Amino acid sequence: MTKIIDGKEVAAVMRAEIAAEVAQMVAEGKRAPYLVAVLVGNDGASEAYVGNKEKMCGEVGFGSQVRRFPDTITEQELLDEIARLNADEAVDGFIVQLPLPKHISEDRVIEAIDPRKDVDGFHPENTGRMIGGLPAYIPATPDGILSLLKYYDIETSGKHCVVIGRSNIVGRPIANLLSQKGWDCTVTICHSRTHDLAGVVRTGDIVIAALGKPEFVTADMVKEGAVVIDVGITRVPSAETKSGWRLAGDVKFGEVAPRCSYITPVPGGVGPMTIISLMRNTLRAAKREVYK
Ligand code: NAP
């Protein structure tokens, strides 16, 4: 029988845990954790993501602020803002919402963030620490996937995990993490140059689809009894919704689900876990858990 992994439920449990911890901190006279989001330009999707993060900050009791800049901001002006946030002791963690306008180097911006405040976990120092198995801020989406596997007590040891996608924010970190001691998967990473992708995916006990191609993974690509984690979120046209679009994952859910032991839906699977994992990283920053 297929079990549908309920990301909303897991995120709600984590939200309650974080909120309780914040309430305790405040009761002890400590300051609540404080997260800043830097938003450049007025891209609709970025506005929505940042709005959701700000709302969640309110729900768990964090202080938060969105610092908005026009897309005409120069790289140097943005780097100056990052230096100010690095130095501001009232700010525990901050994120720079990506993508940035083309005239600004995302790499230079990410490298300018103090790793101790890098709650997105994108700074190379956090990447290096994560790969080395040291305490680190782990990017929110892979961290959210690990929380789902843990919550549902899904066996990973010795399992073959096939990850489709090798981005810095999802594919590569989740592949690395699941290969580490404690998770103990044997991991294969697939990308756009992989030969016989369907054949490789069929060997996966756990399949993580993070390629951004709606309904790419079909039933014939999935082994009977596999665990399927669908990271993809793409807006596709729909005649059945008022808005004229719906969200689609990278997995053809209707035909793949009956073959799986566990599967995440879209929406309601990995998505809700990403924001809550960012909240947890911010709490860890406020408690100086990663960098003493
Ligand atoms: P990305 O940076 O565009 O990377 C996509 C990866 O998929 C690349 O490594 C690419 O290979 C690979 N790929 C593309 N087409 C492929 C194909 N036909 N066969 C095999 N591999 C293919 O994407 P991302 O940022 O990782 O995001 C992936 C998806 O997850 C998107 O839909 C995004 O919206 C979603 N996402 C969701 C959350 C969430 O909270 N749920 C968070 C982040 C991202 P190459 O490297 O060879 O080009």
Side-chain angles (χ1 to χ4, degrees), residues 1-11 14 121 130-131 133 138-192 194-233 248-274 276-277:
M1 248 256 305
T2 307
K3 277 203 177 143
I4 311 291
I5 293 178
D6 186 346
K8 279 194 239 163
E9 177 189 315
V10 185
M14 287 174 64
M130 178 193 76
I131 290 170
I138 294 171
T141 303
D143 199 30
I145 295 171
L146 296 184
S147 297
L148 290 177
L149 295 173
K150 209 183 266 178
Y151 186 87
Y152 282 89
D153 209 12
I154 292 171
E155 181 63 80
T156 54
S157 179
K159 302 291 180 191
H160 182 208
C161 175
V162 177
V163 179
I164 317 172
R166 56 176 166 181
S167 73
N168 284 343
I169 62 166
V170 189
R172 272 193 276 190
I174 193 61
N176 183 273
L177 289 159
L178 284 172
S179 75
Q180 291 190 15
K181 275 208 161 62
W183 296 99
D184 299 313
C185 283
T186 304
V187 179
T188 301
I189 307 184
C190 300
H191 45 74
S192 63
T194 298
H195 287 279
D196 186 22
L197 182 90
V200 178
V201 175
R202 256 195 304 275
T203 64
D205 303 307
I206 301 172
V207 175
I208 300 183
L211 68 160
K213 298 268 183 287
E215 304 186 339
F216 180 90
V217 177
T218 46
D220 58 307
M221 293 168 75
V222 176
K223 185 203 271 192
E224 189 74 42
V227 175
V228 173
I229 307 290
D230 188 354
V231 183
I233 313 178
D250 286 346
V251 175
K252 208 163 193 177
F253 185 88
E255 63 174 53
V256 172
R259 296 183 66 76
C260 301
S261 52
Y262 292 88
I263 187 167
T264 59
V266 175
V270 174
M273 299 302 295
T274 296
I276 204 67
S277 300

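All values reported here derive from a predicted model rather than from experimental measurement.
- Listed by first and then second residue, the side chain to side chain donor-acceptor pair (under 3.5 Å) pairs that reach into residues 154-163 are H160-T188, H160-T203, sequence neighbours excluded.
- For V251, the side chain to side chain contact (heavy atoms under 4.5 Å, CB included) partners two or more places apart in sequence, or in a different chain, are A209, V217, V228, D230, V256, I263.
- With sequence neighbours excluded, the residues forming a side-chain hydrogen bond (donor to acceptor under 3.5 Å, both in side chains) with T274 are T141, listed by chain and number.
- Qualifying side-chain hydrogen bond (donor to acceptor under 3.5 Å, both in side chains) partners for T194, counting only residues two or more places apart in sequence or in other chains: none.
- Sorted by first and then second residue, the pairs that involve residues 138-151 and meet salt bridge (Lys or Arg N to Asp or Glu O under 4.0 Å), not counting sequence neighbours, are D143-R280.
- Among pairs with a residue in residues 252-270, those fulfilling salt bridge (Lys or Arg N to Asp or Glu O under 4.0 Å) read E224-R259, at least two apart in sequence or across chains.
- Residues satisfying the side-chain hydrogen bond (donor to acceptor under 3.5 Å, both in side chains) criterion with N168, sequence neighbours excluded, are R172.
- For K213, the side chain to side chain contact (heavy atoms under 4.5 Å, CB included) partners at least two apart in sequence or on another chain are L211, F216.
- Counting all heavy atoms, side chain and backbone alike, I174 lies closest to P142 at CD1-O, 3.7 Å.
- Legend: residues meeting side chain to side chain contact (heavy atoms under 4.5 Å, CB included) with K3, ordered by chain and number and at least two apart, are Y262.
- Taking the side chain to side chain contact (heavy atoms under 4.5 Å, CB included) definition, one finds that Y151 meets it with E9, V10, V13, sequence neighbours left out.
- By the side-chain hydrogen bond (donor to acceptor under 3.5 Å, both in side chains) test, D205 pairs with K223, sequence neighbours left out.
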